[in-house]
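See below for the structure under consideration.
Atoms within each ligand, like the ligands themselves, are counted from 1 in listed order. We're numbering straight along the sequence, starting at 1. Just so you know, these numbers use all the heavy atoms, side chains as well, and skip hydrogens, waters and symmetry mates.
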Amino acid sequence: MSETKSKEVPLMEKITSLCKRRGYIYQSSEIYGGIGGFWDYGPLGAELKRNLRDAWWCAMTRDREDVLGLDATIIMHPAIWKASGHVDTFADMMRECTLTNKRVRADHVDPQSGTVMQYSGAESPTGWKLTRTFSALLRQGEHIESFRKRVRGLLALNAGEAAGAVEAIVLSGEEKGATVENSVDFHPETSGLLNEARPFNLMLSTLVGPTATEENRAYLRPETAQAIFAQFKNVFDSSRIKVPFGICQIGKAFRNEVTPKNFTFRSREFEQMELEFFIAPDEAIQLIHGSVATWSETADLSTPQPNWGWEMWHRYWVDQRTKFYATIGLGTDVLDYYWQQPADLAHYARACVDILFKFPFGTEELEGIAARGDFDLTQHQKHSGKSLEIFDEELRTAAAKLSDAEKQAFTDNVISAWEADWTSKGKSGDEARAAALTFCEKLLKGTYLPHVIEPSAGLDRLALAIISNGFVEEEKADVNGKKELRTFLRLHPKIAPVKCGVFPLLKNRPELVTKAREVNALLKKHFNCFYDESGAIGRRYARQDEVGTPYGVTIDFETLGEKGPELADTVTVRERDSGAQERVKIDALVAYLTGRLA
Ligand code: ATP
């Protein structure tokens, strides 16, 4: 038996096709030709997502004492997005094709070589005329006549009916320009010359209320995290919780992605699962505990300690998230980590690691875990004018024990550390000193703005990772030695959409069907089951294997006691991956499956 699990691009086509055929994922609005970057989850996809959501929710909040949940609205006060920086900076750099006006992300342009062909315009006998100049690349190896035809076709497509027949379009003032090698100045699809890169904001917006004026402009959230910051104080005040603690949320987010691609990987509507874990600034830990535990290769991350600084907490969450992925079948063999370099980091971030998954189309981000300092709460405090600081009695008590000289020494240390840090980032040393002084004055009274560690994952990307990871094609010889290709989804039982298939061996034997219905009713109270009586039993197994159902229960003649009383009321339980079968008593079935589905 040989297992093939090739990761080349056609694999993605097989996965996409399985998803549609078996009810995992469909293109949104497909009957109208679809809408780019939007996907619907069918019956099995909906179950898979629900299971993943539940697994994340339990791991992040229910199973912990230090994380609370939130469910905020998609549309929030637009000032939130100004404060967070999304209005001004949540943009991709875009370039526009001078031939077709098609846009492309500046960092998504593949190098091309060829000869630049310039034109002063184009016209057609219908009266349609293009009076602007444009250029396009005659690609290396492309015949000039097919190039001209391609350019005319693109112009006609852009102009619509006005241009008339493609053949009738005349290109004016053709001139041969420079020969270029590996240039990134031409549109990857059209080969039209690209103009300068300009920022393109990724937020989708709408108008709220009956008066459709710009003052009513609101945004569909591009991430769920900002609601957590905006509600931080409410959650803190209403929950009798102390720092360190977290607030997590699962919900829809929207981004007007320029080039949605790779199936659901980059969508315009998607779901995020985010945690903001609030911690005390390292300076507060220093005051309370006398030192701050920082990370080293041998550090024990299993249990949080009171003297942990941001670095330990960041490492802890990377570890926790890695452990979470292992519980749903994504081990470190299929994950990778990208530690952002200082130059990649946002100005406020101290560290950021991307957890990557080896997708069939490449190793790409599944989740980002960032240490964001107090940037977000500072911004919201500033823009809302409401204090988001918290008071920490333990900190106040610790600070009160210091002599004036010790307080001064502490403050001086903080000031010089901040000054060095800010000036290394090109910021003003004077401002650093002033900010550090205010910070220390508050800290010594027990008050501060918490810092945050943010593990932020995408549910749709996770569902895609789970399906791609589970997809197996296996060549197997049947009883006559004939090779057959078996496709199955090796999903972890915990997140498989259907846990158990229930099959009467034969549909035309009422005793078998009645018993199978009884078994189905029994199991359905505990697990999501699928009852199937049509077709040969082998076909029914294969159908469930293909959607990742971990167990099949068959009610056969043994169950009815026809092969001896000792086998009466037992069923055949078949395991998906190995195909191994076992006889289990109906009374023991729930316990048998429960033990194996966790
Ligand atoms: P990318 O670099 O891939 O665009 P990002 O760094 O912008 O992602 P974040 O803003 O950190 O992503 O969002 C956190 C998580 O949300 C990502 O790790 C990903 O799982 C998910 N996510 C972000 N954008 C999309 C999208 N367009 N479609 C599906 N999931 C997304």
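- Under 4.0 Å from ligand 1, the heavy atoms of L366 that appear belong solely to its backbone.
- At the top of the distance list for atom 13 (O) of ligand 1, counting protein heavy atoms only, stands Q272 NE2, 3.3 Å.
- In terms of protein heavy-atom proximity, atom 19 (C) of ligand 1 is closest to R461 NH1, 3.4 Å.
- Under 4.0 Å from ligand 1, the heavy atoms of R255 that appear belong solely to its side chain.
- Remark: R315 qualifies as a cation-pi partner of W339 under the 6.0 Å distance and 45° angle criteria applied to the six-membered ring.
- Scanning all protein heavy atoms for the shortest distance to atom 14 (C) of ligand 1 gives S456 OG, 3.0 Å.
- Every atom of ligand 1 with a heavy atom of E367 under 4.0 Å away is listed here by number and element: 18 (O).
- Nearest non-hydrogen protein atom to atom 29 (C) of ligand 1 is F265 O, 3.1 Å.
- Residue-environment remark: CZ (R198) stays at or below the threshold of 12 foreign heavy atoms within 6.0 Å.
- Annotation: the span from M12 atom CE to F265 atom CZ amounts to 10.5 Å, rounded to 0.5 Å.
- The protein non-hydrogen atom at the shortest distance from atom 4 (O) of ligand 1 is R266 NH1, 2.7 Å.
- Judged by distance alone, the side chains of T213 and N216 do bring a donor and an acceptor atom under 3.5 Å apart.
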Give every donor-acceptor pair under 3.5 Å between a side-chain atom in residues 97-106 and any protein atom, sequence neighbours left out.
from : atom 1 : to   : atom 2 : distance (Å)
T98  : OG1    : L193 : O      : 2.9
T100 : OG1    : K102 : N      : 3.2
N101 : ND2    : E96  : OE2    : 3.1
K102 : NZ     : E189 : OE1    : 2.6
R105 : NE     : D107 : OD1    : 3.0
R105 : NH1    : D92  : OD2    : 3.4
R105 : NH2    : D107 : OD2    : 3.0

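- Of all protein heavy atoms, the one closest to atom 22 (N) of ligand 1 is F270 CE1, 3.5 Å.
- For T190, the side chain to side chain donor-acceptor pair (under 3.5 Å) criterion is met by no residue, not counting sequence neighbours.
- Nearest non-hydrogen protein atom to atom 28 (N) of ligand 1 is S267 N, 3.0 Å.
- In the displayed structure, K382 atom NZ is contacted under 6.0 Å by at most 12 heavy atoms of other residues, nucleotides or ligands.
- Here the heavy atom of the protein found nearest to atom 11 (O) of ligand 1 is E365 OE2, 3.6 Å.
- A parallel orientation is assigned to the rings of F245 and F232, their planes being inclined by less than 30° (bins at 30° and 60°).
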